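Notes follow once the structure below has been shown.
Counting from 1, the numbers follow the sequence of the chain as shown. It should be emphasised that the depicted structure is a prediction, and the values quoted were computed from it without experimental measurement. Start at 1 and go down the list; that is how both ligands and their atoms are numbered.
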Amino acid sequence: MRLSLLIVFALWVYPSLQEEKFSRLREKMVKEQIERRGIVDPSTLSSMRKVQRHLFVSDNMVDYSYDDRPLPIGYGQTISQPYIVAYMTEIIKPRPDYKVLEIGTGSGYQAAVLSRIVKEVYSIEIIDSLSNQARNRLDKLNYKNIHVRFGDGYHGWKDKAPFDAIVVTAASEHIPPPLISQLKENGRMIIPVGSPFMTQQLMLVEKTKGRIHTSSMIPVQFVPFKRRQ
Ligand code: SAH
């Protein structure tokens with residue numbers, strides 16, 4: 001009898017208690033870190049409330065998964081701070097019919113947040129193991145409209161271009177020209193620009209009537225944009 005109670009607790013009660021705990025932490029994260037800092041887009045807020053961030057970090061980081069900071073995901077890379085993910089999502093003005101390109105899949109978290117709002121997400125990752133891990137994770141979690149590819153995102157994803165929006169999650173010294181050309185007319189790109197290992201500027205790039213307009217938004221710190229030799 002005692003053993004069966006223990007099994008019920010281990011298999012059913014404990015996981016649902018854990019889920020409840022994470023869901024409370026997620027709500028707190030959205031209220032205190034995201035809404036309080038001025039994010040208002042309902043689709044962004046709703047997606048941030050739904051995506052289970054604790055499933056995008058390694059076991060030893062789970063307790064910190066709703067903290068107000070980036071976290072290591074191995075290979076010297078990080079999952080971005082929740083507020084920055086929300087900021088980059090809101091600023092591209094995501095819509096349900098959008099096709100979005102992300103450079104820097106990492107854990108797959110930003111892609112998951114986008115995928116609950118837009119039609120398709122194409123995401124490129126330069127570290128093979130991270131790209132495989134993210135693909136497996138997203139498959140397991142049933143994210144069907146995210147397509148992950150291993151490669152150097154500098155060249156974009158030509159076969160699937162043009163994109164309504166592009167989100168770059170690694171800091172580049174310049175805006176890669178192929179990404180500009182793969183952006184649709186009236187499209188928006190958000191990209192951290194500046195020296196690696198220093199503070200960079202999040203730049204908003206807009207394409208109107210074939211012209212490029214860039215605006216400097218907020219200071220950020222991202223991992224460097226790498227190039228494949
Ligand atoms: N969006 C990610 C954040 C990952 S950090 C998340 O939500 O978890 C940035 C990622 O960009 C790293 O995984 C890094 O390996 C990747 N990266 C750096 N340079 C790249 C490039 N040229 N092409 C594709 N990915 C790149």
Side-chain angles (χ1 to χ4, degrees), residues 29 33-34 44 47-48 50-58 61-62 64-92 94 100-118 121-138 141 143 146-158 160-161 163 165-180 182 189-197 200 202 220-229:
M29 167 192 92
Q33 303 172 30
I34 295 170
T44 301
S47 189
M48 296 296 296
K50 285 191 194 122
V51 180
Q52 297 175 293
R53 187 169 160 96
H54 62 281
L55 302 181
F56 290 79
V57 300
S58 52
M61 287 290 147
V62 164
Y64 313 108
S65 49
Y66 294 97
D67 286 5
D68 192 13
R69 58 174 169 126
L71 293 172
I73 55 170
Y75 309 90
Q77 308 306 318
T78 54
I79 174 174
S80 310
Q81 180 191 5
Y83 169 67
I84 295 295
V85 173
Y87 186 94
M88 292 175 91
T89 305
E90 180 181 66
I91 207 148
I92 60 160
V100 178
L101 174 68
E102 181 196 24
I103 309 300
T105 317
S107 66
Y109 179 68
Q110 171 80 72
V113 169
L114 288 165
S115 80
R116 287 183 169 268
I117 309 173
V118 306
V121 178
Y122 292 88
S123 184
I124 308 177
E125 170 56 55
I126 204 166
I127 299 177
D128 200 9
S129 322
L130 277 179
S131 133
N132 285 329
Q133 269 176 30
R135 191 181 298 108
N136 293 338
R137 171 181 289 132
L138 293 164
L141 297 175
Y143 283 95
I146 305 176
H147 315 275
V148 176
R149 206 187 79 186
F150 159 59
D152 184 350
Y154 187 90
H155 308 288
W157 194 321
K158 220 172 167 188
K160 303 293 175 189
F163 298 95
I166 301 179
V167 173
V168 182
T169 67
S172 180
E173 305 241 11
H174 65 269
I175 304 169
L179 298 185
I180 292 179
Q182 290 177 26
M189 167 164 37
I190 186 80
I191 175 170
V193 180
S195 303
F197 310 111
Q200 306 104 22
L202 212 45
V220 282
Q221 247 183 330
F222 272 84
V223 293
F225 194 103
K226 294 193 199 148
R227 297 303 317 279
R228 210 157 56 181
Q229 304 307 320

Inset, instruction - Can you sort out the partners of T89 under side chain to side chain donor-acceptor pair (under 3.5 Å), two or more places apart, ordered by chain and number? - result: Q110
Inset, instruction - Give yes if a backbone or side-chain nitrogen or oxygen of S80 is under 3.5 Å from a nitrogen or oxygen of ligand 1, and no if not. - result: no
Inset, instruction - May I ask you to check whether T169 has an N/O atom sitting below 3.5 Å from an N/O atom of ligand 1? - result: yes
Inset, instruction - Identify the protein heavy atom lying closest to atom 17 (N) of ligand 1, giving its residue, its atom name and the separation to 0.1 Å. - result: I126 CG2, 3.7 Å
Legend entry - From CD1 (I146) to CG (L138), nearest 0.5 Å: 4.5 Å
Inset, instruction - Check whether any N or O atom of S107, backbone or side chain, sits under 3.5 Å from an N or O atom of ligand 1, and answer yes or no. - result: yes
Legend entry - Side chain proximity check, I175 to M189, heavy atoms < 4.5 angstrom: yes
Legend entry - Nearest atoms (heavy-atom pairs only) where P94 meets T44: CG-OG1, 4.4 Å
Inset, instruction - Could you tell me whether H174 and F225 have their ring centroids closer than 6.0 angstrom? - result: no
Legend entry - Proximity winner for atom 2 (C) of ligand 1, if only heavy atoms of G104, S123, A170, S129 are counted: G104
Inset, instruction - Assess A134 for proximity to ligand 1: is some non-hydrogen atom of it under 4.0 Å away? - result: no
Legend entry - Per-atom contacts, ligand 1 versus I79 - under 4.0 Å to a heavy atom: 8 (O)
Legend entry - Atom pair OH (Y154) and CD1 (I126), whose distance is rounded to the nearest 0.5 Å: 12.0 Å
Inset, instruction - Please work out which of I73, T78, I127 has its closest non-hydrogen atom nearest to atom 5 (S) of ligand 1. - result: T78
Inset, instruction - Tell me which one of G153, P70, P224 gets a heavy atom nearest to atom 23 (N) of ligand 1. - result: G153
Inset, instruction - Record the part of E102 in heavy-atom contact with ligand 1 below 4.0 Å; permitted values are side chain, backbone, both and neither. - result: side chain
Inset, instruction - For ligand 1, indicate whether the residue T105 contacts it via side chain, backbone, both or neither (heavy-atom separation under 4.0 Å). - result: backbone
Inset, instruction - Identify which of K226, R228, Q77, R149 has a heavy atom lying nearest to atom 19 (N) of ligand 1. - result: K226
Inset, instruction - Return the residue, atom name and 0.1 Å-rounded distance of the protein heavy atom closest to atom 7 (O) of ligand 1. - result: Q110 N, 3.0 Å
Legend entry - Gap separating the CH2 atom of W157 from the CD1 atom of I166, nearest 0.5 angstrom: 13.0 Å
Inset, instruction - Over 60° means perpendicular and under 30° means parallel, so classify the ring planes of Y122 and H147, tilted if in between. - result: parallel
Inset, instruction - Give, for atom OG of S65 and atom CD of Q52, the distance between the pair rounded to the nearest 0.5 Å. - result: 10.5 Å
Inset, instruction - Look at atom 13 (O) of ligand 1 and say which protein heavy atom is nearest, naming residue and atom and giving the distance to 0.1 Å. - result: E125 OE1, 2.7 Å
